[in-house]
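So the structure is just underneath, and the comments pick up after that.
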Amino acid sequence: MKFLEFEDEAKRIVAEACAELGYGEVEVEVALPPNPTYGDLSCALPMRLAKDRSEEPSDTAVKLASKVVGRLKTTKYVGAVAPHRGGYLNFSIAYAKYIQDAVEAVTSGDLGRRDATGRSYAIEHTNVNPNKALHVGHARNLVLGDSLVRVMRFLGNEVQALNYIDDSGAQVADVIVGFRFLGIPDSAPAGTKFDTYCGDSVYTRVNKEYATNPSLKEKQSLVLREIESGEGEIAVYSKEIVKRILAAQLETCWRLGARYDLLNWESQLIHSGMWESVFERMKSEGIVKFERDGENRGCWVIPDPDTGEQKVVVRSDGTAVYVAKDIPYAAWKIGLTEDPFGYEVYISAQPGGGALYSTNLGGEKSGMRFGGAQTAISVIDTKQSYLQRIVGRVLERLEKGAASRYVHRSYEVVALSKGAAAQLGFDIGGEFVHMSGRKGLYVNVDAVLAGLQKKASEETRKRNPEDPEEWVDDTAEAVAVAALRYELLKQDPDKLIVFDIEESLKFQGDTGPYLMYTYARARRILEKAGEKPLMTAEGAGKLVREQERRLVKKLSMMDIAASVAGEYMSPKEMAKFAHELAATFNDFYEGVQVIREEDKEARLARLALVDAASSVLAEAMEMIGIPLRERI
RNA sequence: GGGCCCGUAGCCUAGCACGGAUUAAGGCGUCAGCCUUCGGAGCUGAAGACCAUGGGUUCGAAUCCCACCGGGCCCGCCA
């Protein structure tokens, strides 16, 4: 938004001054000064110029500044420039004009989507095996992926949000084994969600049985074969169970604010014929080779050019391994294969969102097109990095440049603190432990949300004693989602999160609820004012307080944060920005009166500033999926 | 054995991509303040860090390079 214009102006006049002084064509870089007393923007160019010409940096800075000053009449937003003895040029914003334009831009809906690239993205996330309820580790994937979808859309890209359903793997088979061979009833007791029931009571129990009952393990491979063939009574039954579990999981996903465009079923991928055709191409291009002897005798392998190691893709019995499913799927995402799928509506309207489609085989395309994106982003945890690299390498061999269009957005997993494990009845040795669905050592997302919701509803009730129960519940639910999403998103994806239940029950400080609170506070001012905000040149001229300037400067930098978030596929940038903006607003709130300001022009201008700040905060919150409420 | 990631106050984190300003930024916790004033899920102040360690590059390193210590993960004809 306006800050970028301010930057561009500063760069321009420095470049012009350099040309005038005979420094030639120089690349002008600017940065935010470490301390606001230096100004609003700084440029270290004099230091570099001085070094090349063995001058004193401060002399160069002074010389350059004197030429830059002469050009200030050509700038709208650069109000002053000052040399600093360290060799810097420091620029200050011409605030009267800047405040007026920045606030008006926001009010008229210009949020500076100047990075709109119009690229197409296929972003895959969530991808939970349909045999259990989501745990907080899955939630990290979902929050990262869904926020990325939101950021990319904000930036003007066309995004398909994909959710891959592994309906033909061992994990699903285990649940079917439990129902069919251990006589476990296939309906959950009252009050328990079906996904939770299958994960907690069926999957873990079957895995315990495997240890003592070898014949049960044989049943698993029987079930697995039937499911994979897609035919027979067990396959039909499994499909029904998977649908029921998925329905329960989607409730949790929607609760967390995620929406998808397409479900990709692994069972259909297998029967689509894509693997066979990709495999033929891999053979003819020499990407895979058949091993005649050695330890991989009888297998098709992909050799690793770096290490000389081999990755088996087709076993000696002719069946394909796991990664062999990923290759055609990846190829489909970026359009390296024909699209074999039809698409049908799976759910006509997701809560607060559009239709959710599903692939089908041999059906109509119903006018929808998926796959074939310019760039595919797969949100998958860091453990899969090795396999994802192999996929990328194969794609690159199939088509030059394809590897750069297939991006593995990796992230570290969520582990449990000693305390959280203890609450689940596990006594662990160290300070944290990795979650395990098989052992039942995991924290259920619905349970976490329920705990957060309970605490939030107490807080909300205290503040709003007159409001109806229903409103309090709904508000508390939103606060709970805000708290969890923010906590999982704000931390760098490369860092392990050690989840602690007590620790997560915090609504103060650097949290999602803080953002909601700040937004509600701002909206309250606008509601109570009973006047229409109006930014005029006269009014803008009266906003000379430090808190007002900091606020307008911060809100005018949202597009910078969004473009960084998009460039590095790092939605946490938006979390950081939202928090900074909220803190800046609260500082303004404490120090500056709005409604009680007697001067009408100043009052209406300040109202306009509050209006703009709340709009920008809302936009940033939406990009990370934090719910907006007028009151909380 | 090969590879990837993490290490910043008592605790949790930001800053590292593109190296800059003798005040390294937040949050939790601790201590001291701010409700006759637009919502105290807020704000202000204090104490608390030789940025794991040792070298190197540079006028300048939390940031780049090398080494090393500690922690996590990956390297199946499992999925």
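Chain identifiers are assigned alphabetically (A, B, ...) following the order of the sequence lines, protein sequences preceding nucleic acid strands; residue numbering begins at 1 within each chain. Note: hydrogens, waters and symmetry copies are ignored here, and every other heavy atom, side chains too, is used. Computed from a prediction, not measured in an experiment: that's the story for all the values here.
Counting non-hydrogen atoms under 4.0 angstrom, Val314(A) reaches nothing in the nucleic acid. Using a 4.0 Å heavy-atom cutoff across all strands shown, Tyr386(A) reaches sugar-phosphate atoms only and no base atom. Base contact: Asn296(A) has a heavy atom under 4.0 Å from a base atom. Among the heavy atoms of the strands lying under 4.0 Å from Glu295(A) is at least one base atom, whether or not backbone atoms are also near. At a threshold of 4.0 angstrom between heavy atoms, the contacts of Val592(A) include nucleobase atoms, whether or not backbone atoms are also involved. Among the heavy atoms of the strands lying under 4.0 Å from Tyr514(A) are primed sugar atoms or P, OP1, OP2 only; no base atom is included. Within the 4.0 angstrom heavy-atom criterion, base atoms lie near Arg297(A). Using a 4.0 Å heavy-atom distance criterion, Lys572(A) is classed as a sugar-phosphate-only contact. Using a 4.0 Å heavy-atom distance criterion, Ser316(A) is classed as a base contact. Looking at heavy-atom distances under 4.0 Å, Asn35(A) makes contact with a base. Contact annotation for Pro33(A): base contact, defined as any heavy-atom pair under 4.0 Å involving a base atom. Residue Met47(A) is in base contact, counting any heavy-atom pair closer than 4.0 Å across all strands shown. Nucleic acid contact class of Arg631(A) (heavy atoms, under 4.0 Å, all strands): base. At the heavy-atom level, Thr460(A) lies under 4.0 Å from base atoms of the strands shown.
Rounded to a whole angstrom, the distance from the P atom of U22(B) to that of A62(B) is 12 Å. Separation of the P atoms belonging to C64(B) and A17(B) is 5 Å when rounded to the nearest angstrom. A distance of about 14 Å separates the P atoms of C12(B) and A52(B), rounded to the whole Å. For the C1' atoms, the distance linking G15(B) with U36(B) amounts to 43 Å, nearest Å. When the P atom is compared between U58(B) and U63(B), the two are found 16 Å apart, to the nearest whole Å.
Between the side chains of Glu412(A) and Thr382(A), no donor-acceptor pair is found at a separation under 3.5 Å. Side chains of Ser267(A) and Asp167(A): a donor on one and an acceptor on the other come within 3.5 Å. Side chain to side chain, Asp326(A) and Gln388(A) meet the donor-acceptor criterion of an N or O pair below 3.5 Å.
Stacking here means ring centres nearer than 5.5 Å and ring planes tilted less than 30 degrees, and by that measure Tyr568(A) does not stack onto A17(B).
Both tests pass for Arg521(A) against the ring of Tyr589(A): distance under 6.0 Å to the centre and angle within 45° of the axis.
Between His579(A) and Tyr486(A), the ring planes lie tilted relative to each other; the angle falls in the 30° to 60° range.
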Report summary line: Output field dot_bracket for RNA chain B (Watson-Crick or G-U, both distances under 3.5 Å, | for other-strand pairs) contains (((((((..((((......[....)))).(((((.......)))))......((((..]....)))).)))))))....

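Residue side chain Asn90(A) reaches the base of A21(B) through a donor-acceptor N/O pair under 3.5 Å, judged by distance alone.
With sequence neighbours excluded, no residue satisfies salt bridge (charged side-chain N to carboxylate O under 4.0 Å, His left out) with Lys219(A).
Ring centers of Phe588(A) and Phe585(A): under 6.0 Å apart, within the cut-off.
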